[in-house]
Structure formats: structure tokens, C-alpha cells
Amino acid sequence: KKKGLDFKPKSVAFWKDGESIPFMFLARAFDLISNESSRIVITDILGNVFRTVIATTPGDLVSFVYLSACKIYPAHDGIELGIGDAAIIKSLSEAYGKSETQIKKELKKEGDLGLVAKASRSSQSTMFKPAPLTVAKVLDTFRILAKVSGKDSQERKRNHIKALLVAASDCEPLYIIRLLQSKLRIGLAEQTVLVALAQAAAYSERPSDPPIEEAVKVIKQVYSVHPKYDTIVSALLSDGVLKLPDTCTFVPGVPIGPMLAKPTKGVSEILDKFQNRDFTCEYKYDGERAQIHYLEDGSVEIYSRNAERNTGKFPDVIQSVQRFKKPSVSSFVLDCEVVAFDRKNSKILSFQKLSNRARKDVSIDDITVQVCIFAFDILYLNGEQLLQEQLNVRRKHLYDSFVEVPGEFKFATEVTSNDLEAIQTFLDTAIVDSCEGLIVKTLSTEATYEPAKRSNNWLKLKKDYMDNIGDSLDLVPIGAYHGRGKRTGGYGGFLLACYDDEKEEFQCICKIGTGFSEKMLEERSSSLESQSYYRFTDATNPDVWFEPTEVWEVKAADLSISPVYLAAAGAVDAVKGISLRFPRLLRVREDKKPEEATTSDQVADMYRAQKINHGNNQDEEDDN
Ligand code: ATP
């Protein structure tokens, strides 16, 4: 049941059991991973690293996991390193005795401060060998760095960075710098870290350890309701994988991955998909997802779609809580959409209005864009989690525990009917009421809340796209082309990619040049990168490669099979990929990370759905 790894932990360990593990061990593993493209091999490498840690110094495991996931704290703690390039350049200059001008020059050539650091370190002659860095020390220093504030904070931060750089050798400076920038750039995403952790746990000596597949399932599920490595790793080490769901439960104050919807193109498709199950339709509000947590001690936290702490953005919502919650409620977690709202005219405003709102540490007096909360689900109430309850039961709790406050808090407007005409009318009303369409949800069977899952039990129906491909796509710009004519000197177009979450790589899907303001074209910054986790053909080679950092929502006329673009290659054609025709930029999705872009599986699903609905048999397309 557990074959595949030929592993002898002791033979690779060069520290004594229980001793802090050198950072070099992790840095070398990162190096190995960066040279690999096979997901299985990458997972094995990291799984072996974790196994070694478990077998020798288990207390270090949590630091290994955080750094492999390129994090210093859980995202929901909202603590970021926030170290800019300027500070890194200055620290490098001071640590390695080079001028800042020289470092900037090398950065231009290498395109990566990590590589500059590595080269600078290796060309520096040192009198004596510093004590080796340990993984725990590196993470601790990062945590201290993140909290440095007040007088001389810049200088104190640089001193911490310098201390790390001076003690680093070989490939260590490369990864110290990249971790400081919160980008490892070795093609290692968090999903692989979870699988590797499961693999390591399944291989440990405990007789009750489950097979790997079971361990992976448990760890992914536990992480979706409790994304906190500290608790997960310590429970794993003390009680094994199978006990994790008992300890790492859903609690207010730790956000869970939001349930997601699948696209549909028409009212009749809903009836097909839901068959005999009863369902309900809700307005699909166009704002920003918010998970509102109210803790027993009266504190409130608000988390974004990707579990980041957004509390500082909505002091007004925090004040509203006491007005919309009934006095009997002592703790809750609500799933909602925050929408820009014109309170005078009682009207929903556009998403653009909401994006004008300041993002961090907003003070109530500075708020210019008012918001209203539209609550559509309740996941936790008075000490009990409700994830396993059916939607009709959760909804009853929602209605019973809260009151609507005009302009501040409303229940999502809903209609429960399986009459096609009634649904169509409701969809039209949703659009008139400035919503994007509907979300249709199963109600009393197969209607539990599925954390972090794109579920067949939630379907989104957007008016705009009903005639073509059912939904817009969220894509990542991975490169750009120099402009010609009017756009000479700037960029003329971009290469976009979807994300393959199995292979953990970005796969090019189309070029785009439409929908941009001139300002946007000028603003995009470029940096040369290794393309190890980009999948593309020479025919799409851009002039400049980008780091994957942004997500753009794009609308297209349709999808076609392409020999040039490699999105979902192998899924609907043995070798060819899928491309978008006539793509057009709708907006930048600031609430999504590149790994949350539309996946290759979704692209393949969209293509298949289009074929069924329109009998599209256009096979080969130009590369637009
Ligand atoms: P996805 O999350 O599916 O990738 P997305 O973030 O691009 O998609 P959409 O595809 O537009 O968003 O649709 C899902 C989003 O719609 C939810 O994440 C939520 O923010 C929003 N939403 C608005 N109204 C509702 C509702 N009544 N029920 C559930 N979600 C809603």
C-alpha cells in the first residue's frame, strides 16, 4: 500500500536527533524541486523532507511546513512581511559589501534579487564560517521582522535581514530573499505541501497510519475548515492523521474555504442538473465575498474570499453587527456578499464603486463608499457548527437569528420555485436590481455546506454570458508583447494563462489586447522570470515574461481547440489545448490569487458545455 519511496531518513540527516535542523536542508530541497517538473517527484522530495523532520526533530516540522508554503503565519492572521525591494537591496549592499547601484545593475541582468544575493554571497570572501542557519531561526526572524514597527523600524528590519544574509551560504541567500518577497518561484504551491505532509504522515511508523490517499483526503479536508498549520501539525504529530478531524475543527476566528459555484448557461440546464432535488434561487450580488465571524468575546473578524483578514477594511460593518444580530446570539459565522450601496436611494451600486473603497485600516470617518451586507448562509451559531445541516435548516437559523437593518444588512433575496417561467422572471428582476444573475442552490437534499469546494450543488447563472460560454474566466497575465503603432513604447498585448491545479502550472490560453485603458498598459511592470511552471508553445513566446501576480477577469466569444495554446491540453484533444476567441478584459480581480484563477478543468468543462449547447465543431483556430 505504501510503495514508491525508497527512503532512509537517518542516512541523509546531518544533525543529531532533536537538534534544530539546518536551513540548508530545506534550501537544497527547494533547489531540487526547482529543477523538477514532475508533480509526483516534487511531492516525493518534499514528502521525504517532512519524513526526515518527523523522524529526527519533529518539533521543526511546523517551521518546515510554513516555509514550504511560503508563509510565516496563516493568511487569516493578516500579518505580512511587507519588505519592499528597496529594503532588500539596501540590506544586500550592506551584508555583501556591494554598492546599491551595482546590485540594481545585477538585478536588471538576473531579473531576480534572490539570484543576485546568491551570486554576491558566493563571490564574497569570508574570514570565518558563520554558525549555520536553522529553519526555526529563519522563520522566527521573519516573524520578528513582520512585527517590527515604530522608531528606526526600517533600520531594525534591515539588521535582521543582514544577520540572515551574513549567516547564509551556498543557495541559502536565494531562498531567504525569495521567502522575504513571499514568492518561492520553484513551482511549489500549497496543495503540494498538503499532499507531501499527508505522504510523510502516512509513512511514519504508527501502525494505525492510513494509506496515502486517505491521508491526503483527511489533510485537505481538515485544512479547508481549519487552515492553521500550528494546530494541524501538532495534532498530527501527537495523534496521527485519522484523529485530525476531531481536533482541527471549524471555530470562529479561523476562516474556512468558501463554497463555490459552477457555471450554467440557462434556466433549463438548472432543471437538468438538479433533476428531482428541490432547489432555491438567490440574487447573485456583485460585490466582494465576506465571511463574518463573531466570537464569544464579542470581537468580530471579516475574511475575504481567499481567507485573508479583511477586518480593517470594514469598521462600519463591525459596528453594524450589534444592530443586525439578535441579543440571543453569542457566536456566529456568516457567509455574505458586501456590496456598495446608495443608502439615500436604497440602491445597489456597481462593483467598481466598491473597489474605490480603501483597503486597509479604514477609519469610520473616512468612509465615502457605504456598503450593505447581503447574507446568504450561516455556518456556525452559538457554539455549534452548521456545515452538515441542509440549506433549508441553515436558512431558518439565519432568518431566526438576525434582523434586517435598512441599508446595512439584508438577507439575500430568494425565490423557491421549479417553474421555468418564474425563474426566468426572477433572473430578469435580479438584473434590474443591479445583480449579476442568480445562484441556484439545492435546498433540502445534498445541500450541506461544502467548504473550499466548487460544488455541483451551487450553480451560477449570469445574464451576460448566457448566449456564449456561460461565464467569464479569471486568468493570469504571464507575459506581454511590445506595442506597435499607437502603442509603441508600451505594451500592446498580454499572454494570459489559466491554472492547472493538478500539475500546478500556468497554461497559456490566449493573447489579449482589448479592454485596457492606456494607463493600465503603462502601469504593468515587468520582470524576467524562469518559466518552469508556465506551459506554452514557441508560437506564443512573449517579449517579456511576468511573475504570476494578478488575476484578470476576461470575457470571450467562445472557446476553440488550438495547437498553439496549451490550456487543458490532453483533456478534450489528445495533444492540443483550448483557446479563447475575442477575449476582452472586464476587470482586475484583486480578491483572487493567481492560484485561484480559472482552472484547466473548468476550461475543459466550459468547452464541453459549449459543444453540447451549440454543436460547436470549429476545431482549429488561428492564434488570435
Ligand atoms: P468563483 O468563486 O466561482 O471562482 P468568482 O469569485 O469569480 O467565482 P463568481 O463566479 O462571480 O465569482 O460567483 C461566485 C461568487 O458570487 C461568490 O464567491 C460570492 O462572492 C458571490 N455571490 C453573490 N451572491 C451570492 C449568493 N446569493 N450566494 C453565493 N454566492 C454569492
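All ligand and atom numbering here is 1-based and tracks the order in the structure.
Between His76 and Glu301, every side-chain heavy-atom pair lies at or beyond the 4.5 Å cut-off.
Considering only residues two or more places apart in sequence or on other chains, Phe332 meets the ring pair (Phe, Tyr, Trp, His ring centres under 6.0 Å) condition with Tyr294, Phe402. Listed by chain and number, the residues in a salt bridge (Lys or Arg N to Asp or Glu O under 4.0 Å) with Lys325 amount to none (sequence neighbours excluded). Under the side chain to side chain donor-acceptor pair (under 3.5 Å) criterion, Asp77 pairs with no residue, sequence neighbours left out.
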Item checked: Pair Glu408-Arg323, salt bridge (charged side-chain N to carboxylate O under 4.0 Å, His left out): steps then yes or no -> CA-CA 9 Å; Glu408 292 181 40; Arg323 289 191 281 273; 3.0 Å; yes
Next item on the list: Test Glu269 against Thr264 for side-chain hydrogen bond (donor to acceptor under 3.5 Å, both in side chains), laying out the working first.
Entry: CA-CA 7 Å; Glu269 204 177 306; Thr264 48; 5.2 Å; no
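The contact shell of ligand 1, taken as protein residues with any non-hydrogen atom closer than 4.0 angstrom, comprises Leu260, Ala261, Glu282, Tyr283, Lys284, Tyr285, Arg289, Arg305, Glu337, Phe376, Glu436, Ile439, Lys441, Arg454, Trp458, Lys460, Lys462, Asp474, Arg589, Lys592.
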